[in-house]
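For reference, the structure discussed in these notes is given below.
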Amino acid sequence: MKLLKGRVTNYRSVKDSGWFEIEGGKTIFVGSNEAGKTAILQALQQINPPVDVPKLDSLRDYPRGDYNDITTKKVDPAATDVAVVHFTLEDNDKKLIPEEFHKCIYIYGRKLDNKAWHDLEGGPSLTTYQSIKKDLVRLASHMDNQFSKNEEVSSAANKPSEELASVTLNWSDYYQIRDERVAALEAWLNKNIIHVDEENETENKRFDELQKACGISKSRAEVLTILASRKPIFVLFSNYFRVRPLIHLEHLATRIEQKLLDDAQYDYGNECLLKLLGFSARELSKLGKVAEPDASDLDGLKTYRDKLDKRQYQLNSASVRLTSEIRRIWNPNPNRAEADKLRILADGQYLKVVVEDDLGVEIELDQRSEGFQWLVSFFVVFFAEAIGKHENAILLLDEPGLSLHGLKQRDFRETISRLSETNQTIYTTHSPFLVGPDELDLVRVVEMTDRKVGTKVHTTVTADDPASLLPLQEALGYDLAQSLFAQQRNLVVEGLTDLWYLEATAELLRASDIVDLNSKIALISANSASKVVYYATILHAHNLKIAALLDSDAAGEQAATQENLVNTLGNKSILRSKDFYKGEVKTPEIEDLLRDTLVSLAKEAFGWDVLTIAQTQKARPIIEILNKEIKDFSKYKLAKAYVRWTREHLSDDLTVDELSQWKLLIDKVNSVLK
């Protein structure tokens, strides 16, 4: 199953984060220091943590400023949610449950007292007591009549209606027939079926319907049990424990066996290294103590040699695997014949981790940079843990790669992307290098502007605190600075949402072989129509090919007619949305080229229903309608939803006019920048 969205409440700095969506691959939390990013990850881990993770503690984990509510019994930990998540079901989950539950959302929550609860959204509806109350009374009355006719029944036995009254004594009308209630009701039905007249078709049908109502609850309970066993483990890497360059095996084995907790954190990386090698510390320690058998003991010599060979092969295999992964990120000079190699060596009671450079010189791991040590430790811990619990896990990474150089962080971003292909990954960061320019729709902004309100998570790329958005601004700025003069062909668009629409739609049409936007064209967001001229002038000064795509609203028209822009690009390279639009809007924006799809998507994704207005007022731009009719409407939110929509749909899901308009636009861009 895949994590769909989550919510954290009543945990440290988080009073109520609000619901935040989780992407199918990786999700990025950004925010300033003390915003509560780590607290969000820690709370999410409590959904299904590994066995060695400390449980929730009201004293330590409930918001400290409100702790008096706990001591005065105003708040009950058993009734207080800390984390609630929604999962969507995958094919492997659906194979194990009835078809009528395939479209359900699995909901799982953790209370402050560490008790868990779960439920289903969708599927066959549970019956309420109110909906079956009359049928129960009528059936019980019928059973009483049959009961009084049965001479074999003891006069001391309770009538069915009396037993039913006892079963439903404290039931309210809104109670659902589930859990202990369905068990009690089903027991009453089974016990008293003998009092249902076989010839009475009405009462037999009533009895069957009541049993069916109980069956729905039992089916849901069975589905919940199956799904509970399949929920992923949440593995939090809040600190990638360091692998020590020199490990004394006897000392490590003793600390592990005696469970010396003071050394647990120090030894965790070393334990993971041994797990990766396939040995325990005690096994390697004993092997280091074994003396070579006498030369005449051929069987003993063979056994001894086999053990040494097995150790050497395991060490070599782990060294090769780690070296391969580290090279992907460390990215040595491609002109060098050899790159740094990681080697794991066993020498008596010592296990050594050394790095061999291209000259063959070996130095201990702790003599390399902090960033390199961190990277080695990360892969050792991850690969070791991946043997077991990561196979069905959601990875929570807290500030990964802090000690890596910015460019190494950018390479490590690709590693996180690879990890997220098999394991959903959520990570926090301050670094602009860990947020790709094409990943802004994966970002969730975490901020805390008021401690009385607590930490909030924004699904849209907005925040009241500008510092929260700094990594995103830096990421865009760095990418723009690096790419601004890198491509010979450049298309400047007004804003970020225009870029998203163009990039996502171009990919949709490319996948269907309808039209292919030239991959050598760089798309550049100018942030506003008025700034297009500045970008165009700078790029033109470097003898690069430039075109501009502008909306046909007032701002776009004003920019398109600026003398500097016309002189720089020429009229043929100034593209306007109205040149490709076939509808009735006089001043169309780029969103109007997707008018029908966006109207449908707005209602489907956010409940923004403007269909009737859009159909009756076809001359109004769709953004104008949404701004007028929808409170707190966000262009960014709609654009991001469209990007997500294109990943799950084909070009055939666009209307005929939309396809035609976008094909015309992309053909024109290719032609101007050929």
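In this chain, numbering begins with 1 at the start of the sequence shown. This one's a predicted model, so the numbers in the text were calculated from it and none came from an experiment.
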Check: E589 main-chain N/O paired with D592 side-chain donor or acceptor under 3.5 Å: yes
Donor-acceptor pair between S17 and T455 side chains, under 3.5 angstrom: no
Identified side chain to side chain contact (heavy atoms under 4.5 Å, CB included) partner of E658 from the options D653, L598, D596: D596
N/O donor-acceptor pair under 3.5 Å between D93 side chain and E90 backbone: yes
H649 (side chain) donor-acceptor with R644 (main chain) under 3.5 angstrom: no
Test item: D498 and L549 side chains (from C-beta on) under 4.5 Å apart, heavy atoms: no
Contact summary for E34 and R451, nearest pair of heavy atoms: OE1-NH2, 4.1 Å
Residue pair T646 / E507, side-chain donor-acceptor N/O under 3.5 Å: no
Reference residue V515; test side chain to side chain contact (heavy atoms under 4.5 Å, CB included); the match among L664, L665, L509: L509
Over 12 foreign heavy atoms within 6.0 Å of CD, E648: yes
Any donor-acceptor pair under 3.5 Å from N670 side chain to N518 backbone: yes
Polar side-chain atom of Q424 near backbone of L3 as donor-acceptor pair, under 3.5 Å: yes
K520 side chain reached by Q488 side chain, heavy atoms, under 4.5 Å: no
OG1-CG distance between T38 and N33, expressed to the nearest 0.5 angstrom: 9.5 Å
Atom CD of E414: over 12 foreign heavy atoms under 6.0 Å: yes
D553 vs E624 side-chain heavy atoms within contact, under 4.5 Å: no
Between NE2 on residue H86 and CG on residue L120, distance to nearest 0.5 Å: 11.0 Å
Verdict with reasoning, I394 to F87, per side chain to side chain contact (heavy atoms under 4.5 Å, CB included): CA-CA 12 Å; I394 292 173; F87 294 99; 4.2 Å; yes
From CA spacing to verdict: side chain to side chain contact (heavy atoms under 4.5 Å, CB included), L593, Y581: CA-CA 6 Å; L593 302 181; Y581 176 66; 3.8 Å; yes
For the student: nearest non-hydrogen atoms of A39 and V14, plus distance: CB-CG2, 4.1 Å
For E21 against K5, the heavy-atom pair lying closest together: CA-CB, 4.0 Å
Smallest separation among heavy atoms of A506 and I666, with atom names: CA-CD1, 3.9 Å
Side-chain (R110) to main-chain (N48) donor-acceptor, under 3.5 angstrom: no
Side-chain touch P621/T587, heavy atoms, less than 4.5 angstrom: yes
Closest contact, heavy atoms only, A547 versus V672: CB-CG1, 3.9 Å
Salt bridge flag under 4.0 Å for residues D81 and R7: no
Separation between OG of S573 and CG of N490, rounded to the nearest 0.5 Å: 11.5 Å
Donor-acceptor pair between D16 and T9 side chains, under 3.5 angstrom: no
Backbone N/O of G401 and side chain of Q409: donor-acceptor pair under 3.5 Å: yes
Between OG1 on residue T428 and CD on residue E399, distance to nearest 0.5 Å: 4.0 Å
Minimum heavy-atom distance between L575 and K668, given as atom pair plus value: CD2-CG, 3.8 Å
Pair R220 + E100, salt bridge at N-O below 4.0 Å: no
Whether K37 side chain and D398 backbone form a donor-acceptor pair below 3.5 Å: no
Main-chain N/O of A393 paired with N423 side-chain donor or acceptor, under 3.5 Å: yes
pair K231-H118: side-chain heavy atoms closer than 4.5 Å: no
Criterion side chain to side chain contact (heavy atoms under 4.5 Å, CB included) on E629 and I613, from CA distance to verdict: CA-CA 9 Å; E629 303 297 330; I613 297 175; 3.4 Å; yes
Pair Y642 + Y501: ring centers closer than 6.0 Å: yes
Flag side-chain contact, heavy atom, 4.5 Å: W645 against L508: yes
Steps toward salt bridge (charged side-chain N to carboxylate O under 4.0 Å, His left out) verdict (D91, K95): CA-CA 6 Å; D91 290 340; K95 291 177 182 177; over 6 Å; no
L601 CG to L594 CG distance, which is reported to the nearest 0.5 Å: 10.0 Å
F606 CZ to D632 CG distance, which is reported to the nearest 0.5 Å: 13.0 Å
Heavy-atom donor-acceptor pair, T27 side chain to I22 backbone, under 3.5 Å: no
Side-chain heavy-atom pair S660, F580 within 4.5 angstrom cut-off: no
L224/Y106 under side chain to side chain contact (heavy atoms under 4.5 Å, CB included): CA gap, chis, key distance, verdict: CA-CA 8 Å; L224 285 170; Y106 180 54; 3.7 Å; yes
Beyond-backbone contact of L659 with V656, side-chain heavy atoms, under 4.5 angstrom: no
